[in-house]
Visitor: 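This is the structure I have questions about; it appears just below.
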Amino acid sequence: MSIRTRYERELQEIFDKLVLMCRHIEVAIEKSVRSLTELDPEIAKEVFDIEELIDRMERDIEQACLKILMMEQPVARDFREVSAVLKMITDLERIGDQARDIAEISMQFGEDRIFKRLVHIPMMSVIVIQMVKDGVSSYINRDVELARSLDKTDDKVDDLFNLVMGELIEFVKKNPDDAEQAVMFIMINKYLERIGDHAVNIGEWVEYAITGSHPKREQGNERYSIQ
C-alpha cells in the first residue's frame, strides 16, 4: 500500500469519526433543550452521558490526526485538512460542553412551573443544530459556499438571542420575583448563541482547509494564506 493510499484511508476514517461526533452533538443539543421544555431530569442525564462520549471522541480524533501529521509527512494541502479537523473538534467539544450546561440548568428548575411558554429558545436550538450539521457537511463535501453561509445563518441566531434577551429584561422589570428563573434563561440563551458562534468557527476552518485562507486572519486587503 502506497503512502498516499494509506493517508487517504486514514483521513477517510477521520471523516467518518467526525460525522459520528457531529451526530452525537446534534442529539446532545436537542435533548438538552427538550430536558428544559419537558423539565425531565432523566433526559438531562442522557446529555451528560453523550457529552462524555463526545469528549472521548475528541481525544480519539485528535490522536488520529496527530498520527497522520507525524507519520505521513503531509504536503501543504493535507496539512491544512488535518489541522482544520483539529480546530473543528475543539469547537465541537465545546458545543458538547454547552449542551451539558443547558441540561444542568434545566435540572435546577426542579418541578417549578416555567413562567412562560418557550418559543424562541427551541427555535434557536433547531437553527444551531442545522449549523453544526452544515459545518461538518461542508468539510466532508468540500463545499466552501455552505461553509461561508454559516455566518449569515448565525445572524438569525443573534436576532433570536437579542429578542429573548429583550423579552427577559422586560419580564424581570414587571415580575422581579421571577428574576432567578429569568437569569437561568439568560444563561441558556447565551449558551445557544455560543453554539452558533462555534459553528461559524467550524465553517471558517473549512474554508481554510479548502482555500488556504482564513476569513478572520486578514492582513491589509489580503487574506492570510498557506499555499
Side-chain angles (χ1 to χ4, degrees), residues 19 21-48 50-51 54 88 91-110 112-138 143 145-175 178-204 206:
V19 170
M21 184 179 182
C22 177
R23 288 174 182 164
H24 287 309
I25 286 169
E26 292 166 23
V27 173
I29 299 169
E30 186 274 328
K31 284 183 177 291
S32 68
V33 174
R34 188 150 60 88
S35 71
L36 174 67
T37 58
E38 298 180 14
L39 293 181
D40 188 334
E42 294 306 313
I43 297 176
K45 291 174 184 177
E46 291 177 22
V47 178
F48 301 162
I50 296 171
E51 191 267 337
I54 289 168
M88 289 162 61
D91 280 297
L92 289 170
E93 188 274 334
R94 288 174 180 168
I95 291 172
D97 289 345
Q98 283 147 4
R100 180 189 176 107
D101 290 336
I102 293 170
E104 287 181 343
I105 292 173
S106 75
M107 296 180 75
Q108 295 178 29
F109 285 92
D112 293 345
R113 180 184 62 84
I114 293 178
F115 61 70
K116 68 185 295 293
R117 187 171 69 89
L118 300 181
V119 176
H120 298 117
I121 283 177
M123 286 174 62
M124 287 177 70
S125 71
V126 170
I127 296 172
V128 298
I129 286 171
Q130 187 62 49
M131 288 178 70
V132 174
K133 188 182 299 184
D134 286 347
V136 173
S137 177
S138 69
D143 188 340
E145 291 306 316
L146 180 59
R148 288 171 176 166
S149 74
L150 292 170
D151 195 37
K152 188 172 183 179
T153 305
D154 191 48
D155 290 342
K156 298 177 183 178
V157 177
D158 291 341
D159 288 344
L160 286 168
F161 170 80
N162 291 327
L163 179 61
V164 171
M165 286 293 290
E167 289 178 345
L168 290 170
I169 290 170
E170 287 302 314
F171 179 85
V172 171
K173 288 179 181 178
K174 297 175 182 177
N175 304 275
D178 287 318
E180 185 176 350
Q181 271 200 18
V183 168
M184 289 193 283
F185 279 117
I186 287 172
M187 293 172 65
I188 290 166
N189 192 37
K190 184 61 180 176
Y191 288 136
L192 288 169
E193 189 264 345
R194 286 178 181 170
I195 289 173
D197 289 343
H198 284 302
V200 171
N201 288 346
I202 290 169
E204 290 171 350
V206 171

Visitor: Return the minimal non-hydrogen interatomic distance between His120 and Val164, and the atom names on each side.
Guide: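 Where His120 meets Val164 most closely, the heavy atoms are CB-CG2, 3.5 Å.
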Visitor: Would you find more than 12 non-hydrogen atoms of other residues, nucleotides or ligands less than 6.0 Å from Lys190 atom NZ?
Guide: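 Yes, NZ of Lys190 has more than 12 neighbouring heavy atoms, counting only those of other groups under 6.0 Å.
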Visitor: Taking all atoms of both residues into account, what is the closest heavy-atom pair of Gly96 and Ile54, and its distance?
Guide: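 Shortest heavy-atom separation between Gly96 and Ile54 comes out as CA-CD1, 4.2 Å.
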Visitor: Does a side-chain N-to-carboxylate-O contact under 4.0 Å join Arg148 and Glu145?
Guide: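 Salt bridge flag = yes for Glu145 with Arg148.
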Visitor: If only atom types and distance count, is the side chain of Asp143 paired as donor or acceptor with the main-chain N or O of Leu146 below 3.5 Å?
Guide: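 It does hold such a pair.
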Visitor: Taking all atoms of both residues into account, what is the closest heavy-atom pair of Met21 and Glu93, and its distance?
Guide: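 Result for this residue pair: CE-N, 4.0 Å.
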Visitor: Which atoms form the tightest heavy-atom contact between His24 and Ile50, and what is the distance?
Guide: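 In this case the closest contact between His24 and Ile50 is O-CG2, 3.4 Å.
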Visitor: Going through the distances and angles, do Arg194 and Tyr191 end up as a side-chain contact (heavy atoms from CB on, under 4.5 Å)?
Guide: CA-CA 5 Å; Arg194 286 178 181 170; Tyr191 288 136; 3.8 Å; yes
Visitor: Between Asp91 (side chain) and Asn201 (backbone), is there a donor-acceptor pair under 3.5 Å?
Guide: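 A pair under 3.5 Å: no.
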Visitor: Work out which heavy atom in Val132 is nearest to a heavy atom in Ala199; give both atom names and the distance.
Guide: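 Here Val132 and Ala199 meet closest at N-CB, 4.1 Å.
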Visitor: Does Phe171 have its ring centroid less than 6.0 Å away from the ring centroid of Phe185?
Guide: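 No; Phe185 has its ring centre 6.0 Å or more from that of Phe171.
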Visitor: Does the distance from a Lys or Arg side-chain N to an Asp or Glu carboxylate O, for Lys174 and Glu170, drop under 4.0 Å?
Guide: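 Here Lys174 does not pair with Glu170 in a salt bridge, since their nearest N and O are not under 4.0 Å apart.
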Visitor: Testing the basics here: between Val136 and Ile202, what is the closest heavy-atom pair and its distance to 0.1 Å?
Guide: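 Where Val136 meets Ile202 most closely, the heavy atoms are N-CG2, 4.3 Å.
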Visitor: Is the number of heavy atoms from other residues, nucleotides or ligands within 6.0 Å of CD (Glu180) greater than 12?
Guide: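 No - once you tally the heavy atoms of other residues, nucleotides and ligands closer than 6.0 Å, there are 12 at most.
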Visitor: Go through the steps to decide whether Met131 and Ile195 satisfy the test side-chain contact (heavy atoms from CB on, under 4.5 Å), and finish with yes or no.
Guide: CA-CA 9 Å; Met131 288 178 70; Ile195 289 173; over 6 Å; no
Visitor: Under a 3.5 Å distance rule, please check whether Ser106 uses its side chain to pair with a backbone N or O of Ala103 as donor and acceptor.
Guide: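 Looks like yes, one N/O pair under 3.5 Å.
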Visitor: Using distance alone, with no hydrogens and no angle criterion, decide if Gln130 and Asp134 have a side-chain donor and acceptor under 3.5 Å apart.
Guide: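 Side chains of Gln130 and Asp134: pair found under 3.5 Å.
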